[in-house]
There are 2 protein chains.
Amino acid sequence: MTQRRVTMADVARLAGVSTTAVSLVLNNRQGTRISDDVASRVRAAAQELGYRPNLTARALSTQKSHVIGFISEQVTTDRLASGLIRGALQEAKRHNHVLFIAETEGESHAVDEAVDALTDRQVDGIIYAATRPQTLRVPARVGSTPVVMLNAVSDDVADNVLADEFAGAKDIVDLLLESGHTDGVVIVGRSMDQPDDEWLSIAVRRRLAGIWDSLSAHGVRPVAQIPCQPWSVRSGYEAVRDLLLAGVQPHALICMNDRLAFGAYRALSEVHLTPGRDVSVVSFDDDDIAVYLHPMLTTAAAPFEDMGALAVRILLDNNHRPGEHLVPMPLRVRDSVHLNRATEAEFTAMRNPEPDWTR
Amino acid sequence: MTQRRVTMADVARLAGVSTTAVSLVLNNRQGTRISDDVASRVRAAAQELGYRPNLTARALSTQKSHVIGFISEQVTTDRLASGLIRGALQEAKRHNHVLFIAETEGESHAVDEAVDALTDRQVDGIIYAATRPQTLRVPARVGSTPVVMLNAVSDDVADNVLADEFAGAKDIVDLLLESGHTDGVVIVGRSMDQPDDEWLSIAVRRRLAGIWDSLSAHGVRPVAQIPCQPWSVRSGYEAVRDLLLAGVQPHALICMNDRLAFGAYRALSEVHLTPGRDVSVVSFDDDDIAVYLHPMLTTAAAPFEDMGALAVRILLDNNHRPGEHLVPMPLRVRDSVHLNRATEAEFTAMRNPEPDWTR
DNA sequence: CTTCCTAGGTCAAGCGGTTTAGCAGCCGAT
DNA sequence: ATCGGCTGCTAAACCGCTTGACCTAGGAAG
C-alpha cells in the first residue's frame with residue numbers, strides 16, 4: 001500500500017557505491033571515469049529494484065522540468081485547439097516531455113493565472129495557442145521562460161507559428177482554376193474591397209491575398225464577392241441563397257471556410273444544383289464537417305497538428321532562428337471539384353487514400 | 001534576462017526573519033504562534049519582491065504535487081475526449097490543480113509509458129479516460145497513486161464514472177412517446193435480440209435497456225429494429241434507405257447515436273420526408289453535428305464535461321465512497337421531435353435558449 | 001531567588017536528485 | 001626518494017520548501 005518508492009540511495013546501497021556513482025552511470029555521462037564493473041553493478045541493482053528516477057527532484061536540482069505548458073483559449077472546439085494540442089503532445093512525447101494544459105476562455109486574468117500556475121511549476125517553456133490568429137499581448141510576467149505563439153502573433157514574443165495561408169489559398173484556387181472552372185467564380189465570405197474590421201485577422205488577410213494572387217495569375221475576375229459576418233453555416237446558406245435569388249449562376253465557389261461551404265451546399269441543393277457536378281466548391285480548414293458533406297469537400301486543410309508539433313520543436317531547440325514559422329496547408333482533394341484530365345493526373349495522388357466515412 | 005527567481009530565503013532576509021516563519025505565515029498555518037507584527041512584515045516583503053513559491057520544491061517536500069495526470073486514448077475527436085478534458089480542467093483549476101495530458105492512441109505499451117511518465121512526476125492521481133465505455137485492464141504499476149476510470153470500467157480500479165445511459169435513454173424515449181409518436185417506431189443501430197459482440201459495451205447495453213424500459217412502460221412495440229455495425233453516417237443512411245425501400249413507413253426513429261441520425265436524415269430527405277414534421281427523430285450524444293443538422297436534433301447529451309469534473313472531484317476527495325458514479329444525461333430538446341401540447345409545456349423549458357447556429 | 005510555563009520564534013534535517021571539489025592509490029619520470 | 005599526473009570513486013553542498021524539535025526571554029508561581 002504505502003510502499004515507499006525506491007530511490008537512488010536504495011540503488012547505491014544495493015550496488016555498494018555512492019549515489020554519485022549511480023547518478024553518473026544511470027545518466028550515462030561521458031567523460032567520467034567509472035569502471036565497467038561498477039557501471040554494471042549499478043545497472044543491475046537499478047533493474048532489480050525497478051528504480052525510476054523522481055523527476056520532481058531532478059527538476060528541482062537541474063532547473064529543467066521536461067514539462068511544457070500549453071495555454072489555450074479553449075481546449076475543445078472542432079479540430080482547432082484539439083489538433084494543436086495533439087500535435088504538441090506527440091512531439092513532446094518524442095522528446096520525453098509532458099504537457100501541462102491550461103485553458104483561459106479568452107479572459108485575460110485567466111491568462112495571468114495560467115502563466116503563474118505554469119511558471120510556479122517550473123515549466124521549460126510556454127506555448128500560447130489562440131483559436132484565431134490574432135495579434136495579442138502576452139503577459140509580461142513570463143520571466144525567463146521562453147514562449148512561442150501558436151496560431152497567434154504577439155509583438156512581445158519572438159517566435160510564432162502560423163499556417164501558410166497565402167500559399168494554401170493560392171494552391172487551392174490554382175486547383176480550381178486549372179480544372180477549368182474559370183467562369184462564374186464567386187467568393188463567399190469576404191470581398192476584397194470590404195473595409196477592415198475586427199474580423200480581418202492576419203490569417204484572413206493572407207488567405208484573401210493568396211486567392212487574389214491565383215485569380216490574377218490566371219486572369220480571372222470573380223462574378224461576385226459576398227461578405228459574411230460570422231463565417232457560419234447560416235451565413236453561407238443565406239449568402240448563396242440570395243445570390244441565386246438575384247439570378248447569378250455560379251459555377252465555382254471559393255468559400256472562406258468549411259462552415260460557409262456547408263451552408264452553400266444547402267442553398268445549392270435547394271435549387272437542385274449538385275456540388276461537384278454543377279458547381280465546383282473549394283474551401284478552407286478541413287473541418288470535421290468536410291467529410292460529412294455529400295459530396296465530400298475539397299479544401300485546404302489547416303495543418304493544426306503540424307503546427308503544434310513545430311511549436312514544441314522550436315521551444316526545445318534553443319538555437320533556432322527566431323521569427324515567423326509558416327506551416328504548409330495540405331490540399332484535401334475530394335469530390336466537390338470536378339477535375340479535368342490534366343488536374344486529375346496532377347492532383348489525384350493527393351486524395352485521401354481512405355476517406356473516413358466510417359467514423 | 002537570467003534574473004533569478006525570488007525565493008523564500010529572499011523574503012526571509014528582507015523581513016528579517018527565518019524561512020520557517022515565512023513558510024508558516026504564507027501558508028497561514030493555524031495553531032502556530034507567530035506575532036501579527038512578523039506576519040505583516042513577511043507579507044509585505046513577499047508582496048514587495050513579488051514572491052511566488054516554487055511548487056516543484058514544495059512538491060518534493062510535501063509529496064503532493066497538486067497535479068493530476070489525465071491519460072486518454074485520444075485527445076481530439078468531437079466533444080468526446082475534448083469534453084472530458086475540458087470538464088476535468090475546469091474542476092482542477094478550481095482546486096488549484098493542473099493537468100498533465102497524455103495520449104495513448106489505444107496502444108497498451110503507450111499506456112505503461114504514460115503511467116510511468118506521470119508517476120515519475122509525482123502526480124497526485126491519474127484519470128484514465130476511454131473513448132468508449134469498455135471494460136479494460138489498467139496497468140498494475142500504478143503504485144500508490146489513486147486512479148479513476150472515466151467513461152470506462154476496470155476490475156482493478158475502485159472508482160469509475162459513467163453517463164447514466166439507462167435513465168437518459170428512458171427520458172428521451174419517454175419524450176418521444178409522450179409526444180404521441182407511438183406508431184411506426186423504429187430503432188436504428190441495434191436490435192434487442194442481436195447476439196453479443198465486441199460492440200456491446202456496457203454503455204450500449206444500458207442505453208438499450210433504457211429504451212426498452214420506456215417502450216414497454218408505454219406498451220409500445222417497435223415496427224422495426226435495424227442493427228448497424230459501425231455507428232456511422234453511412235450505416236444510418238443505408239439502414240433507413242433499405243427500410244424505406246422495404247415499404248415500411250416510419251413515424252418515429254430512435255437512433256442509437258447522432259451519426260446514425262445524420263445518415264437517417266439523408267435517407268428521409270431523399271424520399272421527401274422531413275424530420276420533425278413527417279418523422280420524429282431522437283438520438284444520443286449531442287455530437288457537434290447535432291446542431292448542424294436541419295432541423296436540429298433532439299438528443300440525450302453525453303455529459304462529458306460533468307463527467308470529467310466529477311472524476312477530478314472524486315480523485316481529490318479521499319473519503320468518498322468508492323464505486324460507480326453515474327452522471328445524468330441532459331435532454332437537448334430541439335426540433336426533430338414534433339411536440340404535442342402536453343409535452344410542449346413540459347419540455348419547452350429544456351430548449352437551448354440560444355441554439356448555436358452561429359458557430 | 002529559583003522553577004516552570006508559555007509565547008514567539010529559529011535550527012536543521014529532510015524530500016531525491018545533481019555536481020563540484022577532492023581524496024586515495026598507483027605509476028612513470030626526474 | 002620526490003613529484004606530478006592519471007584513474008576511479010566519494011563527500012558534501014545545493015536546488016527551494018516544509019516541519020518536528022529545540023531554544024530563549026519574560027512573567028507567573030512557588
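Letters A, B, ... are given to chains in the order of the sequence lines, protein chains preceding strands, and every chain is numbered from 1.
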Given atom [atom1] of [X] and atom [atom2] of [N], what is their separation to the nearest angstrom?
X	N	atom1	atom2	value
Met8(A)	dC15(C)	CE	C1'	13 Å
Asn27(A)	dT19(C)	CG	C1'	11 Å
Ile34(B)	dT6(C)	CD1	P	18 Å
Asp10(A)	dG16(C)	CG	P	9 Å

For this session: Compute the bend angle of the helix from dC1(C)-dG30(D) to dT30(C)-dA1(D) from the end axes (five pairs per end), rounded to 10°.
Result: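 The angle separating the two end axes equals 80°.
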Exercise. Given Ser23(B) and Met8(B), is the side chain to side chain contact (heavy atoms under 4.5 Å, CB included) satisfied, shown in steps?
Worked result: CA-CA 8 Å; Ser23(B) 175; Met8(B) 228 171 59; 4.1 Å; yes
For this session: Give Val22(B) one of three labels, base, sugar-phosphate or nothing, depending on what nucleic acid heavy atoms sit under 4.0 Å from its own.
Result: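 No contact.
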Exercise. When all nucleic acid strands are considered with a 4.0 Å heavy-atom cut-off, which category describes Ser23(A): base, sugar-phosphate, or nothing?
Worked result: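 Ser23(A): base contact, heavy atoms under 4.0 Å.
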Problem set entry | Within residues 53-62 of chain B, residues whose heavy atoms come under 4.0 Å of DNA chain C |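 Leu60(B), Ser61(B) - these, ordered by number, are the residues of the stretch whose heavy atoms sit under 4.0 Å from the strand.
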Exercise. Would you say Gln63(A) reaches dT18(C)'s phosphate, i.e. side-chain N/O to OP1/OP2 under 4.0 Å?
Worked result: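 Gln63(A) to dT18(C) OP1/OP2: no side-chain N or O under 4.0 Å.
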Exercise. For the atom pair CG (Leu60(A)) and CZ (Arg58(B)), what is the distance rounded to the nearest 0.5 Å?
Worked result: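 Between atom CG of Leu60(A) and atom CZ of Arg58(B) there are 13.0 Å.
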Exercise. Quick one: CD1 on Ile202(B) to CG on Asn160(B), what's the gap to the nearest 0.5 Å?
Worked result: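 Ile202(B) CD1 to Asn160(B) CG: 7.5 Å, rounded to 0.5 Å.
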For this session: Salt-bridge test for Arg313(A) and Asp306(A): reply yes if a basic N is under 4.0 Å from a carboxylate O, no otherwise.
Result: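 The answer is no: the pair does not qualify as a salt bridge.
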Problem set entry | Verdict with reasoning, Arg5(A) to Asp10(A), per salt bridge (Lys or Arg N to Asp or Glu O under 4.0 Å) | CA-CA 10 Å; Arg5(A) 219 182 135 99; Asp10(A) 299 325; over 6 Å; no
For this session: State which residues pass side-chain hydrogen bond (donor to acceptor under 3.5 Å, both in side chains) with Arg43(B); sequence neighbours excluded, sorted by chain then number.
Result: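 In terms of side-chain hydrogen bond (donor to acceptor under 3.5 Å, both in side chains), with neighbours along the sequence ignored, Arg43(B) is linked to no residue.
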For this session: Evaluate the criterion side chain to side chain contact (heavy atoms under 4.5 Å, CB included) for residue pair Glu105(B) and Gln90(A); output intermediate values, then yes/no.
Result: CA-CA 10 Å; Glu105(B) 308 182 49; Gln90(A) 289 175 352; 3.1 Å; yes
Problem set entry | Given Val148(B), Ile127(B), Val123(B), the one that forms side chain to side chain contact (heavy atoms under 4.5 Å, CB included) with Ile68(B) |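 For Ile68(B), the side chain to side chain contact (heavy atoms under 4.5 Å, CB included) check succeeds only for Ile127(B).
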Problem set entry | Contact pattern, 5' to 3', of nucleotides 20-26 of chain C - B, S or - by protein heavy atom under 4.0 Å | B------
For this session: Taking all non-hydrogen atoms of both residues into account, name the closest pair between Ala114(B) and Ile71(B) and its distance.
Result: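 Closest heavy-atom pair between Ala114(B) and Ile71(B): CB-CD1, 4.0 Å.
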Exercise. Are more than 12 heavy atoms from other residues, nucleotides or ligands located less than 6.0 Å from atom CG of Asp36(B)?
Worked result: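 For Asp36(B), atom CG is not crowded (no more than 12 foreign heavy atoms under 6.0 Å).
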Exercise. For Thr119(A) and Thr145(A), what are the C-alpha separation, side-chain angles and deciding distance, and is it a side-chain hydrogen bond (donor to acceptor under 3.5 Å, both in side chains)?
Worked result: CA-CA 8 Å; Thr119(A) 51; Thr145(A) 313; 5.9 Å; no
Exercise. Between which nucleotides of DNA chain D, 5' to 3', does chain A make heavy-atom contacts below 4.0 Å?
Worked result: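 Answer, 5' to 3': dT7(D) to dG16(D).
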Exercise. What residues, two or more places apart in sequence or in another chain, satisfy side-chain contact (heavy atoms from CB on, under 4.5 Å) together with Ser72(A)?
Worked result: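 Here the qualifying residues are Phe70(A), Ala81(A), Ala129(A).
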Exercise. Passes side chain to side chain contact (heavy atoms under 4.5 Å, CB included), Glu113(B) versus Asp116(B)? Steps please.
Worked result: CA-CA 5 Å; Glu113(B) 282 173 22; Asp116(B) 282 347; 5.8 Å; no
For this session: Using heavy atoms to find the nearest nucleotide of DNA chain C for Ser18(B) and Gln122(B) separately, return the residue whose nucleotide is more 5′.
Result: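 Going by which nucleotide is closer to the 5' end, it is Ser18(B).
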